[in-house]
Asks: 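The following block contains the structure, expressed as structure tokens.
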Amino acid sequence: EPAVADEAPHAKRERRAAAAVRTATQHVSFSALFEDDGADVVVSQKSGVVVVNEAGSSVLVERCRDCRIYVACHVRCVRVVACVDCLVYVGAARVASLLNCARCVLAAAAHRIIVDASTETQLRLFTPCAPLCVGAAPALGPLAAAYDGLARDAEDARLLPPAPNR
């Protein structure tokens with residue numbers, strides 16, 4: 001895009017950031033990132049505490065309110081859609097996403113993190129890639145939680161570097 005001669009420095013940064021997001025989203029097929037269209041496990045319209053222990057599954061969390069969801073195993077993907085005031089903990093996943101949520105915390109170890117149209121969100125992450133955030137910028141922090149078997153699940157999800165050959 002052409003630059004304006006008297007453009008303010010912050011406007012130039014915003015223009016470059018918007019162009020980067022457009023470029024990133026043009027080459028990404030979001031359905032391909034999720035690897036399948038259906039979810040093996042659906043958590044819908046819940047409140048309270050929910051624990052998912054189905055390794056290898058795909059998890060959809062939708063329209064939950066004041067909920068704590070723990071996915072303490074290796075899963076293909078976790079999609080969190082239209083939730084309010086929720087905490088979602090994902091042990092190890094290929095993709096984790098937060099779409100149209102408000103005041104949610106996503107604590108995840110995942111290859112790819114996507115946040116779209118979510119407000120007042122917090123991300124606690126262990127990921128090899130920068131998260132793809134569209135809309136309001138979430139608060140970022142490190143994943144500071146663990147469970148028995150997290151190292152094994154992270155290895156199964158290929159989140160850890162390979163062991164050196166000796």
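Not measured: the values here are computed from a predicted model.
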Asks: If you round to the nearest 0.5 Å, how far is CG of D116 from CG of L99?
Replies: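 L99 atom CG to D116 atom CG measures 6.0 Å (nearest 0.5 Å).
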
Asks: Suppose the criterion is side-chain hydrogen bond (donor to acceptor under 3.5 Å, both in side chains): which pairs have a residue in residues 131-141, not counting sequence neighbours?
Replies: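 Listed by first then second residue: nothing to list.
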
Asks: Could you tell me which residues satisfy side chain to side chain contact (heavy atoms under 4.5 Å, CB included) with R65, sequence neighbours excluded, listed by chain and number?
Replies: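 With sequence neighbours excluded, R65 shows a side chain to side chain contact (heavy atoms under 4.5 Å, CB included) to V84, given in chain and number order.
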
Asks: So do the side chains of V43 and C64 get within less than 4.5 Å of each other, counting heavy atoms only?
Replies: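 The answer is yes; the side chains approach within 4.5 Å.
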
Asks: Please report the shortest heavy-atom distance between S118 and L98, naming the atom on each side.
Replies: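 Scanning both residues completely, I find the closest heavy atoms to be OG-O, 3.4 Å.
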
Asks: Taking all non-hydrogen atoms of both residues, which atom of A108 and which atom of A96 are closest, and how far apart?
Replies: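 What the structure gives for the nearest pair is CB-CB, 4.3 Å.
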
Asks: Report yes if the side chains of R94 and C77 come closer than 4.5 Å at any heavy-atom pair, otherwise no.
Replies: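 Not in contact.
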
Asks: As a quick check of understanding, evaluate side chain to side chain contact (heavy atoms under 4.5 Å, CB included) for V42 and E62, giving each step before the final call.
Replies: CA-CA 8 Å; V42 177; E62 63 177 1; 4.1 Å; yes

Asks: Once rounded to the nearest 0.5 Å, what's the spacing between atom SG of C83 and atom CG of N100?
Replies: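 With rounding to 0.5 Å, SG (C83) is 10.5 Å from CG (N100).
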
Asks: Among all residues two or more places apart in sequence or in another chain, which pass the side chain to side chain contact (heavy atoms under 4.5 Å, CB included) test with E120?
Replies: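 Per chain and number, E120 pairs via side chain to side chain contact (heavy atoms under 4.5 Å, CB included) with R103.
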
Asks: So, for A130 and R112, which heavy atoms are closest and what is the spacing to 0.1 Å?
Replies: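 Taking every non-hydrogen atom into account, O-NH1, 2.6 Å.
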
Asks: What residues, two or more places apart in sequence or in another chain, satisfy salt bridge (Lys or Arg N to Asp or Glu O under 4.0 Å) together with R63?
Replies: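 Applying salt bridge (Lys or Arg N to Asp or Glu O under 4.0 Å) to R63 gives none.
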
Asks: Which pairs, with at least one residue in residues 127-137 and sequence neighbours excluded, count as a side-chain hydrogen bond (donor to acceptor under 3.5 Å, both in side chains)?
Replies: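 Found none.
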
Asks: Counting C-beta onward and ignoring hydrogens, is there a side-chain heavy-atom pair between T121 and L106 closer than 4.5 Å?
Replies: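 Not touching, per the 4.5 Å side-chain cut-off.
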
Asks: Of D40, V75, V78, which meets side-chain contact (heavy atoms from CB on, under 4.5 Å) against S58?
Replies: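 Of the listed options, the one satisfying the test is D40.
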
Asks: Mind listing the side-chain donor-acceptor pairs of residues 131-160 below 3.5 Å, one per line with the distance, residues two or more places apart or on another chain?
Replies:
residue : atom : partner : partner atom : Å
Y147    : OH   : D153    : OD2          : 2.5

Asks: Could you give the distance from SG (C129) to CD1 (I114), rounded to the nearest 0.5 Å?
Replies: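 If we round to the nearest 0.5 Å, C129:SG and I114:CD1 are 10.5 Å apart.
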
Asks: The test is side chain to side chain contact (heavy atoms under 4.5 Å, CB included); show your working for C86 and V80 and say whether it passes.
Replies: CA-CA 10 Å; C86 291; V80 183; 5.9 Å; no

Asks: Could you go through R124 and V105, starting from their C-alpha distance and side-chain angles, then the distance that decides it, and tell me whether this counts as side chain to side chain contact (heavy atoms under 4.5 Å, CB included)?
Replies: CA-CA 7 Å; R124 303 286 188 326; V105 176; 3.8 Å; yes

